[in-house]
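Keep in mind that the numbers below use all heavy atoms, side chains included, and drop hydrogens, waters and symmetry copies. The shown structure was predicted, so the numbers you read here are calculated from the model rather than taken from an experiment.
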Amino acid sequence: MIDPVLASRFQFALTTIVHIIFPVMSMGLAPFLIYFTWKDVRGGDPVYEQLRRFWTKIFAISFVVGTVTGIVLEFEFGTNFAAFSTTAGELFGGPLAIEGMMAFMLEATFLGIFVFGRERVSDRLYVVSSLAVGVGTWLSAVWILIANSWMQMPRGYELVTEDGQQVVHLVDPVAAYLTPRFGYMYVHMQNAAVESVALFMAGVSAYYVYRHHVWGHQTENVVFWQKTLKIALVALLITAPLQVLQGDLYARHVYETQPQKFAAMEAVWDTEAYVPEYIFAIPTDLSQFTDPRAKELFGIGIPGGASWLASGGDATAEIRGLNTFDTEAPPVAVVFWSFRAMVGMGFWFILLAFWGGYRWYTGELFEDGLLHKSLMASSLLGIVAVELGWVVTEVGRQPWVIQGVMKTSEGVSPGLTGTEAMVTLAGFVGVYAGILALYTYVVARVIREGPPSASALRATDERDAEPAGVPGDD
């Protein structure tokens, strides 16, 4: 049977990969929904009511499924990683508990008002509900990333012995909860979420715009889809360049604080200077795919680029090689290729953003069929890039579960057997595949149905305006 350590890692990776889709959707949609709500309440263009109603459906679906899949992750710390929970529980459990009590409860409390209360509460309270839902969504990420950033860069603790076992004791909450890593992770994650949703919105709306303007098919609510495309492009023009610029700073911070992870990202085995940064690379044989080494690959790269990235401007700077570390190297092929794909997508998103912005400027945004096809093909790539980013973050930290403190193999539940781990892994594969398939079906159905028509909105407004007891008031 498979090693329980490996099975537990696979199970946690699977549940995280599926779960993260839903927070990305809800966190990314939150700023858009606040804007749509504000514009709707101010009155004027009825398209903003359509935008609010339509995208609120997808937000609510993502929130519900994200809640279900997220709770499971917290239980896995006890079932599969009990030793880690015992060691780090004093520090790690606090942020997770606060996330539930503060962020989740704030979001869940006001979500009912936001989804169902437009005609039942004042405009001011309704806008407040949209803000509360958005803030709650983003606060959830604060506490989750506080916990994860501490695992990447532990601070504010001491190791003490209790009942013969070493455990983490919190001595400086500020240092522990606000590590230097937290700011980099939070900005990168939240910007990625907005960028991913902007790509999704652009891809979906591009399909309907393409059908109407290029194919010549009559499309209901085409003004809605045109407005969605423009708003998504504005968001992309902001987030796509910011993600690459902030990612550069983030990578430099990783080089300074986790040199082994950075060496895996660049596939540097022996300490070298003037290391190239490959945007695109092709292995010359299969062994170089499974065991990449930066200077033995063929591809499109920037000479000295990795050294420049690491040092902040010196293309001749040295990068410490993986062979110089005392611990085993992370799975280099996974980290290296995931990083390449993520960075390549980041530059592609910038190209899409400026391509769309230029077509908008020239008045040809709705007629450029090639742009529409590119946006459609890229609609889910933002989420893929987020997944790859987390692969780099988590796999690149191996063999540590707490960097420099505890190895992953030491954090697995001591009584867990290979058979138990395999059975639960197989069960999770089936359940999470079903959840993802059901989510995809429901969201696709919402998109096919489209937004409520302007006439339906007028009828709803008129019915809600009728006094009680008037015939026809159902």
Could you tell me whether the side chain of P451 reaches within less than 4.5 Å of the side chain of R53, counting heavy atoms only? no
Donor-acceptor pair, distance only, cut-off 3.5 Å: does the side chain of W337 make one with the backbone of F289? yes
Are side-chain N/O atoms of E394 and Q152 paired as donor and acceptor at under 3.5 Å? yes
Validation row: S338, V395 side chains within 4.5 angstrom (heavy atoms): no
Is the Y177 to W150 ring centre distance short of 6.0 Å? no
Given the rule in the side chain to side chain contact (heavy atoms under 4.5 Å, CB included) test, do I302 and L309 qualify, once you have shown the distances and angles that lead to the verdict? CA-CA 11 Å; I302 304 170; L309 176 66; over 6 Å; no
Under the side-chain hydrogen bond (donor to acceptor under 3.5 Å, both in side chains) definition, can you give me all pairs with a residue in residues 363-372, not counting sequence neighbours? W355-D368, R359-E364, R359-D368, T362-E364
For this output row, return yes or no: ring centroids of F63 and F104 closer than 6.0 angstrom. yes
Taking the side chain as C-beta and beyond, is there a heavy-atom pair between L229 and L375 under 4.5 Å? yes
Could you check whether any side-chain heavy atom of L436 comes within less than 4.5 Å of a side-chain heavy atom of Y432, counting everything from C-beta outward? no
Between the side chain of S26 and the main-chain N/O of S62, is any donor-acceptor distance below 3.5 Å? no
Would you kindly say whether H213 and Q226 are connected by a side-chain donor-acceptor distance under 3.5 Å? yes
Pair M25, F22 - check side chain to side chain contact (heavy atoms under 4.5 Å, CB included), show working. CA-CA 5 Å; M25 290 298 293; F22 315 118; 5.7 Å; no
Donor-acceptor list for residues 276-288 side chains, cut-off 3.5 Å, not counting sequence neighbours:
unit_1 : atom_1 : unit_2 : atom_2 : d
E277   : OE2    : R340   : NH2    : 2.7
Y278   : OH     : A294   : O      : 3.3
Y278   : OH     : L297   : O      : 3.0
T284   : OG1    : Q288   : OE1    : 2.5
T284   : OG1    : Q288   : NE2    : 3.4
D285   : OD1    : S287   : N      : 3.0
D285   : OD1    : S287   : OG     : 2.3
D285   : OD1    : Q288   : N      : 3.1
Q288   : OE1    : T284   : N      : 3.0
Q288   : NE2    : E296   : O      : 3.2

Taking the side chain as every heavy atom from C-beta outward, state whether V204 and S379 have any pair of such atoms under 4.5 Å apart. no
So, do Q246 and N191 sit near enough that their side-chain heavy atoms are less than 4.5 Å apart? no
Between Q50 and N221, does any side-chain donor sit less than 3.5 Å from a side-chain acceptor? yes
R445 and E449 ion-paired at < 4.0 Å: yes
T408 and R9: side chain donor to acceptor below 3.5 Å: no
Is there a donor-acceptor contact under 3.5 Å from the side chain of T424 to the main chain of A421? yes
Is there any ring-ring contact (aromatic ring centres under 6.0 Å, His included) pair reaching into residues 223-259, and which pairs are they, with sequence neighbours excluded? F54-F224, F54-W225, Y184-H253, H188-Y250, Y208-W225, Y255-F262
Run the side-chain hydrogen bond (donor to acceptor under 3.5 Å, both in side chains) test on T16 and W390 for me, step by step, so that the C-alpha distance in whole Å, both residues' side-chain angles and the decisive distance to 0.1 Å come before the verdict. CA-CA 9 Å; T16 303; W390 274 107; over 6 Å; no
Begin from the C-alpha positions of F84 and M151 and carry the test side chain to side chain contact (heavy atoms under 4.5 Å, CB included) through to its verdict. CA-CA 11 Å; F84 163 76; M151 294 167 65; 4.2 Å; yes
Do S307 side-chain atoms and A273 backbone N/O form a donor-acceptor pair below 3.5 Å? no
Can you find a heavy atom in the side chain of V254 that is under 4.5 Å from one in the side chain of R181? yes
